[in-house]
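In the text below, chain A, chain B and the rest are named by the order of the sequence lines, each starting its count at 1. Remember, predicted model here, so these are calculated numbers, not experimental data.
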Amino acid sequence: MDELLRMEHISKRFGDFYANKKIDLTVKHGEVHTLLGENGAGKSTLMNILIGLYQPTEGKIFVNGKEEHIDSPAHAVKLGIGMVHQHFMLVEAMTVFENIILGDRNVSGLFIDRDARRREIEELSEKYGLDVELDKLITEISVGAQQRVEILKALYHGAELLVLDEPSAALTDIEVEGLFAIMRKLVSEGKSIIFISHKMREVLHISDRITVLRLGEVIGTVNCAETDGKALASMMIGRELSASQYEKMEAKGECVAELKNVDYNKNSKHNGLNGVSMKVHRGEIVGIAGVDGNGQTQLAQLITGVLAPQSGSVELKGKSVSVYDPSSFIKNGVSHVPEDRNLQGLVGDMSITDNLVLKATTAEKFSRGKGLLLKKRDMARYAGEMVGRYDIRCTSVEQTVRSLSGGNQQKVILAREMESEPDLLVAAHPTRGLDIGATRFVHDKMIEARDKGVGILLISADFDEILEVSDRILVFFEGRIMGEYSGKNPPVEEISLAMTGK
Amino acid sequence: MKKLTKSLGSFVVPVLSIVLALLIGAIIMAVLGANPLVAMQYLAKGAFGNAANIGTTLTKATPLIFCGLCACFAYKCGVFNLGGEGQFIIGSVACYYVAYCSGIGGVPGILLSLLAGAVAGGIWGLIPGVLKITRGQNEMIITIMFNYVATLFMGVVYTNWLRDESVPQTLPVPDSVQLPRVIDGMRFTWAFVIAIVVGIVLYYFLFWTSGGFKLRAVGYNMTASRFNGFPIKRYILTSFIISGAIAGLGGGAELLGTQFRLINGFGAGYGFDGVSMALIGQLHPIATMIVSIFFAALRAGSTTMQAATGVPTSVSDIIQALVIVFSVAGMALVKLPEFEAFRLRYFRKKEKKEATEQ
Amino acid sequence: MTWITSLLLATVRMAVPLLFIALAELYSERAGMVNIGLEGLAAIGSLVGFLVCYITGSTWLGILCGALVGVVVNMIYAYATISLCADHIVYGMAINIFAPALASFIYRVYFGTGSDLKQIELMAGIGIPGLKNIPFFGDLLFNQTPMVYIAFLLVIVTCIFFNKTRAGLNYKAVGEHPQAAATLGIPVVRIKYLSCVLCGALSGIGGAYLTTCYSNTYSQGNVAGRGFIALAAVIFGRWTGGGVLLACLFFGFCDALQIRLQVGSFGVPYQFFQMIPYVATIVVLSVIGAKKGGPQANGKPYRREQR
């Protein structure tokens, strides 16, 4: 087997920050080569360099032994490199067929020769077992099918090397099996695959070789057959993977929030809730486990008043809510760390100070006469305090929040939501995109709040995070609760099965 | 250092834009056969040369300030109200009706007329606001359409309903409701003082009260504001009404202070002028007022310049237009990550140098 | 000629400038560029078209130069929004302020402040032999100025381009999902610039039509909101060539109707009739409401190395 791809000493710097540092990577013909690493380890950056979206700060790339400067995605396509992005690059307003032939350079002519293109696509789809409906709009097909379209698209454009960026993140177990079957088929036909993941089980299952990245650097490359999960995990995070380090609690306190038979967009599998009843008590963390897009978004927004249930009711501290509006929920002691921090949580163009006091400008502490005159000095002093307490890294509290890194932005939200002394804290994907240190920090703060008697609803697609901090675990699938488990010694196998609807 | 960053965006860019635009203006003057330095001298003389000229400048600044504040307030809440002109005109029409027909004179008459103008302007702003929040419609197109409707409606009033016999214009408002001058010998009236007061009140509201704070938050990020419990629809509607009322008040003040009658071309162009003032003034009320006075000076001075050198007055419009083209592009430029990186590198070096020198 | 025929005839004539400007916006928005500076582009196109025609006596040269100046001015917008990532709306507004000021300045410098009316000869109509003799439709569709034929031809070309050609598909992808387009090697930035060239040229032509084919003089503000009505026409026409045509015919009809009604007068002040096109725009927009539509990445800045 000879080398298809060799990347030598690749570095990429954003401002002061090295996303990649002297990375070496080789991929052989007909192998599945896995890039393993935590969020923020630099996997996506490396791949964006490979497909010509980013230019490396330094380093060389060889394809089939020849040095190439991949200066544009078009060039990468020409070299036979195709990528399936984690967030699919599909045009929703177009059909599957149109998406596949988009940007086609292999054919000439002014008009689209539909019949000829169809034949070609169908041939490919048969050869690799990629079953798609060509005339459906992208919005009409499932996530799994969209992924097949992406793979087919890459093959149609002549990919010899396929990059799959976290392809299993949004899939159910059955769909993942299907994906693996396709991957095996592709490799047996001589294609090569770079598989990006942080799911150990899948990595061990499918890979030929594994390269582990941490904080932008290569920790090592190993043959899959010669390693195991434990060894990989310690390479990945730099320490042994241990059981949860937090003590799990049994909730005895008052019930701070209760959903009674709540329906919302009942018939939508991915964006609705169907007859959900659940409680959150003081002093416990309720973890919602499940694959992304099974109603978790709606749950978070219903329990914070952003959405109103279509039937059923929400009760806060035993009292039924009459007005579904975020402000009345906030008054009732509900805090919300929303899933999209830039869109929903922060006002990016305002300062750190402004974002920290966002909800409290009428409070005695920050203004005279219920908001008639802001006490700017007090606000700044308070912001300074928060920056210290929550370890927000910034040059000044007057800096806009937009200019902070993701982790520090999250800390700003966390500071605001925790300091309002809530009864209920709803945290949706609070550590998404954060590095290990920041994640640990967020978890510590949540446990601290729980011990003070706050009821916490934690929604996360990261199963390990759910296992780490939850006192009680609820599993969501297609808008329903599939089961409830204690956070003390949870039956991991059973829960992951429940997450797939079984 | 951090202050420098801030001022770079909000101060350096507009000033540089103005300098650049004046330079191009000078080139145009030269091309037209005038000595730019002489022309600029006359420009300055015409604007600030003596008390009377300053009075003219301030008179010309008044409607610009009102329309600038109207745009400024709406955009701060993320509402792209381009209807300043229509609100200005409807305000003046309502004001005219009360001033001319009610028969109330003196200060009560003036106050009542101005109030009528503000209310009418507010209502004229409210309609697109309601259409936006109930029908989700694009406020830009709607407010522009409302401008044309308002202009035509004013046309009905001065050519038909309240026409001054053979001339297509109305009679002047009675002397007793005309706004008096603040200082004898200078043309500007209390309308200018009202404009300044409105600007200061807006500044206080936007930057020193909780309501203004929230309004700005809504303007920057509506979704986050909703998630944080702000009643965004109420803020949007309020900003439509208030900005409309400011323009309407401006229309009334212009009528009672300067024009006295409704006539073809009344208020024309003030809407877009207001947008320019607000954008060049970085949506800051105080800056908007300063910018307005600057451009009013340019306009007032350009008449003297034309008389003395033959350079047409519309050079001042070109300069204004160039300033907006430059300043908006400049604002985008300083926000670019590449620019930020360049700036950081440059200043980092300088700081290091200073550190080693010490 | 009956009242109805002349009304419809006027409808076609009034629809054509709108059609050019609306197609300009269609090409712009299909590549994700929301350009509200149409009014300004048309204004400068209108003046340059008039001026060139006045000097050379050629309406065709006038229209060509109108298109050229539209492109040149729109390149300012293109550079600011594509390369500097300025806000599309704010910058479009800047163009709306800049271009008319430039236009009226050039007019004053060239003609001085004298008040005598400068006029040019309008483009002559050319009947299509044979077809123009069809009763009713002959006059309506086949006995017009060449610009009318060009406008309608352009609609057909636009429909074919977006629906049948490979280039059209790629072009649309830039407005829908530029990142996806970029990964497939579609030159996103180049297409965005191209869209601005098309938009500038077509709005310039739309403006020049007003002085060289419709009214034989130039007056300040002669675009009269058509740039904004064209924006509404694109929304109303759901971002398709055919839809835009229908929308423009509708607004053209409103305009024609108000002119006809003014002649009738009925004792009502004529300004009320003049309001019809503007009120119609408000009503139409309010009725179709906020139905989601249009290219998904419309108005969003595109940065290559985003992080």
Side-chain angles (χ1 to χ4, degrees), chain A residues 12-15 17 19 44-45 47-49 51-55 70-79 81-85 87-95 97-114 117 138-139 150 153-154 156-158 163 405-406, chain C residues 26 29-32 85-87 90 156-192 194 234-235 238-240 243 291-307:
Chain A
K12 176 69 184 173
R13 200 180 60 196
F14 291 100
F17 167 71
S44 294
T45 306
M47 289 302 108
N48 280 331
I49 289 171
I51 63 161
L53 272 180
Y54 293 169
Q55 296 308 309
I70 306 180
D71 49 11
S72 72
H75 193 179
V77 171
K78 215 182 280 166
L79 293 172
I81 300 167
M83 178 157 177
V84 176
H85 292 257
H87 302 287
F88 298 149
M89 292 286 184
L90 294 170
V91 180
E92 293 192 342
M94 291 185 183
T95 63
F97 174 73
E98 288 172 327
N99 266 288
I100 293 173
I101 64 163
L102 210 54
D104 192 351
R105 277 160 187 275
N106 305 327
V107 293
S108 55
L110 190 57
F111 296 101
I112 302 165
D113 185 348
R114 285 183 185 262
R117 298 289 87 74
I138 295 299
T139 43
E150 280 279 33
K153 187 169 84 176
Y156 178 81
H157 285 270
V163 181
S405 72
Chain C
L26 180 65
E29 290 197 15
R30 272 292 173 204
C85 297
D87 185 89
V90 170
I156 297 169
V157 170
T158 304
C159 287
I160 294 173
F161 176 69
F162 283 129
N163 294 319
K164 299 282 177 205
T165 69
R166 302 192 305 124
L169 193 66
N170 293 350
Y171 191 107
K172 278 199 286 188
V174 171
E176 295 283 351
H177 197 331
Q179 285 78 16
T183 57
L184 293 168
I186 297 172
V188 174
V189 170
R190 216 181 303 159
I191 287 183
K192 279 180 178 279
L194 173 71
V234 173
I235 299 170
R238 311 314 300 163
W239 290 269
T240 64
K291 226 185 329 175
K292 258 266 168 226
Q296 280 190 352
N298 218 355
K300 292 183 188 144
Y302 169 74
R303 289 193 176 120
R304 213 171 143 208
E305 290 198 11
Q306 210 163 21
R307 198 183 163 92

Atom pair CG (A:Asn99) and CD (C:Glu176), whose distance is rounded to the nearest 0.5 Å: 10.0 Å

Residue among A:Lys153, A:Lys78, A:Arg114 with most heavy-atom pairs under 4.5 Å to chain C: A:Lys153

C:Leu169 and A:Ile101, any side-chain heavy atoms less than 4.5 Å apart: yes

A:Gly109 backbone acceptor or donor facing C:Arg166 side chain under 3.5 Å: yes

Working for side chain to side chain contact (heavy atoms under 4.5 Å, CB included), residues A:Glu92 and C:Gln296: CA-CA 9 Å; A:Glu92 293 192 342; C:Gln296 280 190 352; 3.4 Å; yes

Spatial distance of atom CD (A:Glu98) from atom NZ (C:Lys172) [nearest 0.5 Å]: 5.5 Å

Heavy-atom pair of closest approach, residues A:Leu102 and C:Ala173: CD2-CB, 3.5 Å

Residue part contacting chain C, namely of A:His75, when any heavy atom lies under 4.5 Å: neither

Candidate pair A:His157 and C:Leu184, rule side chain to side chain contact (heavy atoms under 4.5 Å, CB included), full reasoning: CA-CA 8 Å; A:His157 285 270; C:Leu184 293 168; 3.7 Å; yes

Stepwise side chain to side chain contact (heavy atoms under 4.5 Å, CB included) test for C:His177 and A:Leu90: CA-CA 8 Å; C:His177 197 331; A:Leu90 294 170; 5.8 Å; no

